[in-house]
Amino acid sequence: MAQPYETAPVPPPPVSPDGPGQVPYGYPPQQPHPQPGYGAPGIPSYPAAGGYGWPGLQPQPNNGMGTASLVLGILATVGFCAWPLALVMGVVAVILGALGRGKARRGEATNPGVALAGIICGAASIVLILGLFAFVIAAYKS
């Protein structure tokens with residue numbers, strides 16, 4: 001049984017006289033339109049205004065080091081009885097606090113007080129751990 005509409009393969013489109021990639025038929029290439037100015041037709045006019053430039057987005061402050069310094073300083077001060085971990089956290093809190101203060105001084109962060117509090121808490125934890133060592137050594141000697 002023959003099908004009423006048999007489909008033959010479609011031939012490729014013809015190549016234009018100018019070569020492949022050119023529009024064989026249609027419209028000639030157009031020149032870009034000039035920027036319209038102000039004024040009536042036929043009268044010289046001022047060029048169109050450029051408008052205000054977009055200032056872009058301001059970079060977000062890098063407050064992570066100061067915040068991490070405060071968190072580590074508080075954890076080290078509260079948990080100074082677990083002295084090995086608290087000593088490491090206290091030292092890291094002092095280092096991150098100093099880096100966070102430097103970023104705040106350069107304008108990259110907006111929390112110099114939080115970084116300072118991290119330095120203070122980290123230093124307090126180190127002092128507490130050293131006091132704990134002194135107490136344990138004094139108790140062991142007597």
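What you see is a predicted model, and the numbers here were worked out from it, not measured in a lab.
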If you link ILVMFWY side chains whenever their heavy atoms are less than 4.5 Å apart, which other residues fall into the same cluster as [X]? By chain and number, please.
X	answer
L116	I120
I137	none
V114	L70, I74, V78

>> Which heavy atom of I119 sits nearest to which heavy atom of A98, and what is that distance?
In response: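 Nearest heavy atoms, I119 then A98: CD1-N, 3.6 Å.
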
>> Strictly by salt bridge (charged side-chain N to carboxylate O under 4.0 Å, His left out), give each pair with a member in residues 65-74 just once, sequence neighbours left out.
In response: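 Passing the test, one end in residues 65-74: no pairs.
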
> Is the backbone of A115 close enough, under 3.5 Å, to the side chain of R101 for a donor and an acceptor to pair up by distance?
Replying inline: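 Side chain of R101 to backbone of A115, a donor-acceptor pair under 3.5 Å: no, none is there.
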
> Do any N or O atoms from the side chain of T110 and from the backbone of P61 form a donor-acceptor pair under 3.5 angstrom?
Replying inline: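 No: the side chain of T110 does not pair with the backbone of P61.
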
>> Listing request: all ring pair (Phe, Tyr, Trp, His ring centres under 6.0 Å) pairs with a residue in residues 85-129, at least two apart in sequence or in separate chains.
In response: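 Found none.
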
>> For residues V127 and V92: do they belong to one hydrophobic cluster (side chain heavy atoms under 4.5 Å, members Ile, Leu, Val, Met, Phe, Trp, Tyr)?
In response: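 Looking at the clustering, V92 is in a separate group from V127.
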
If you measure from [atom1] on [X] to [atom2] on [Y], what distance do you get to the nearest 0.5 Å?
X	Y	atom1	atom2	result
L130	S125	CG	OG	9.5 Å
M89	L96	CE	CG	12.5 Å
I129	T77	CD1	OG1	8.5 Å

>> Please enumerate all residues that pass side chain to side chain contact (heavy atoms under 4.5 Å, CB included) together with A93, with sequence neighbours excluded.
In response: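 Listed in chain order: S69, L72.
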
May I have the list of side-chain donor-acceptor pairs in residues 102-109 shorter than 3.5 Å, sequence neighbours left out?
{"residue": "R106", "atom": "NE", "partner": "E108", "partner atom": "OE2", "Å": "3.2"}

> Quick one: side chain to side chain donor-acceptor pair (under 3.5 Å) partners of T67, sequence neighbours excluded?
Replying inline: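 Partners of T67 by the side chain to side chain donor-acceptor pair (under 3.5 Å) criterion come out as none, since no residue qualifies.
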
>> The criterion is side chain to side chain donor-acceptor pair (under 3.5 Å); which residues satisfy it with N111, sequence neighbours excluded?
In response: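 Testing N111 for side chain to side chain donor-acceptor pair (under 3.5 Å), a comparison that skips the adjacent residues, returns none.
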
Donor-acceptor pairs under 3.5 angstrom involving side-chain atoms of residues 79-88: please list them, not counting sequence neighbours.
none

>> As a quick check of understanding, evaluate side-chain contact (heavy atoms from CB on, under 4.5 Å) for L75 and V71, giving each step before the final call.
In response: CA-CA 6 Å; L75 289 175; V71 168; 4.1 Å; yes

